[in-house]
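Lettering of chains follows the sequences in order, A, B, ..., and the numbering in each one begins at 1. If you're wondering where the values come from, they're calculated on a predicted model, not measured in any experiment.
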Amino acid sequence: MDLDQLRAYDQAGYRTLEALTHVRAPRQSTHSSPHAFICTGGRTYWVKRSAQHGLVVELVAARLGAALKVAPTAEVVDVSPAAAPEDGAANHLLGVGVGIEDRGGFNPRELTEFQNEGQVYAPGVVRAEARAAVIVFQTWVGAEDSQVLIDPTTGGVLSIDHGACLPEAPGGVQVVVTDIPGVPATLGKDAPQSALEVVSQVEAFSDDAILRVFAGVPDAPEWNSAAERRLRMAESLSHRKARVREVISVWLQS
Amino acid sequence: MATELARQQHRGFYSLLRWRSDATRDEPRNVAVLLIDEATDFGELRAAPISALSPRLHEQGLLDAMLAGLNDRMRQAPPAREFLVRLHDALEENLVATEPRPVAVADPHAVLDDLYRAFLARRGGGGRPMTQGVVLDRVVNAYRKQGRDVHRGRYVGDFIFHAVLDPDSAPQPIEVLSFGAARKDWTPVERDAGHFLFAVEQLQLRGRAVIQPPSDEGDELASATHMRVRRWLDSREVPIQHPDELLDVQLAL
């Protein structure tokens, strides 16, 4: 991996979708306060214009997660004033941000409220293999403040909110198990084959493939996407890739 | 960093039309999207296939008539946002319209396509089996594109027909049948054809039939029923067309 190669890949540019119309605000307020917009192509995306470590992290991590089928797809989305609601509620999202495809479902915070209010949520529906796959991914990318999306009808689990991951220095690789209300932390260990399949998919990412995922990113201040920084993150991710099997194997046997 | 398209976008408005077959149960489903763009004098409605909205012929007819009328109204004089506001206020029963919402428009046709995909298109894509309802959708659309006055699920006297051409002047009933989708029991199709023949005889009208032939030559029951029904129609000198023939006429026009 080198800077010249990354810049060469940057030349291919990136696709931008345009927001067409506002759908809704988030059910709960969060740091980035994403809102849902229907965008060109007819799909709905949750658009953010801020992330803890820069929008580049949110976009790249989602690209990786989508490739492993453990996260919703992400796109660069341009929100113009014509698409924003007339009450100004989404004005903080005007400009070019990251759109995460809407997949429905609930995050753990919402599920906790479901349980607190006495509404029925069946934790037993969460599928072990889906949880295991997300654990492998979030471990690889070094997710901090990790979040997941649960589909209570299928038991599917997806990794979301990737604003704090992809460290610039490799550091230690620790297993990341995101808490899901009512679901034991051990769920996922009983799906070792699924976990190790995803580990194999992680290992199959070549350095060139990793570098390409980091290419083609907007370069405004909120993106924090200087090429040198992206290269450091890519190199760190490659290094972490080599440690994931060991860490996950230990976790599976613990 | 804004895209060229984003720089061209201006504000239009859209509303969704929703159909609820039972106003008490209030279980609406999206049936059409209306888009207004005053800057380009654009006003159009895009509806989901009627056969996907209700299995009941009479209900299909009501819905089709309402949507066709609304579409004509929008094409005659592209309305402004106020039209959507009045529509929202006026429709309260089985058909309701959402309040107009802002939408960014550069190319209104492309935006209408995207709104249709977002609110109406079938998830998962793929073609629909050629059921009688789907064939009827094609037949009605083909006649409308030819500029014909066609009504779906319309009564003439005491008898309901799949479609009727020129119902108010010189009604011509149309029987639409499909053998193109698998089914276990073909006798309802025979009864349907029998009803049509009885009805046109009682009304002393000349009808016509549009028939989708069997797609699976190995389905003996479908083939046998198809041939039986064709014999009945031939014996009464009812002209029979393949749905594609209607499209050929449309292309020729």
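Scanning both residues, A/Glu86 and B/Pro102, for their nearest heavy atoms gives CG-CG, 4.3 Å. Among all heavy-atom pairs drawn from A/Ala19 and B/Ala104, the shortest one is O-CB, 3.8 Å. Shortest non-hydrogen contact noted between A/Val23 and B/Arg101 is O-NH2, 3.4 Å.
The shortest distance between side-chain heavy atoms of B/Leu115 and A/Thr21 falls below 4.5 Å.
The ring pair (Phe, Tyr, Trp, His ring centres under 6.0 Å) check on B/Tyr116 picks up nothing, with sequence neighbours excluded. Residues satisfying the side-chain hydrogen bond (donor to acceptor under 3.5 Å, both in side chains) criterion with A/Arg63, sequence neighbours excluded, are absent altogether.
Contacts of A/Thr40 with chain B are made by both backbone and side-chain atoms, with heavy-atom separations under 4.5 Å. Only the side chain of A/Ile38 comes within contact range of chain B, with at least one heavy atom under 4.5 Å from a heavy atom of that chain. There is no contact between A/Val79 and chain B, counting heavy-atom distances below 4.5 Å.
The number of heavy-atom neighbours closer than 6.0 Å to NE2 of B/His10, taken from other residues, nucleotides and ligands shown, is above 12.
Between chain B and the residues A/Ser80, A/Ala83, A/Gly41, the largest count of heavy-atom pairs under 4.5 Å involves A/Gly41.
Remark: the backbone N or O of B/Asp114 is not paired with any side-chain donor or acceptor of A/Arg43 at under 3.5 angstrom.
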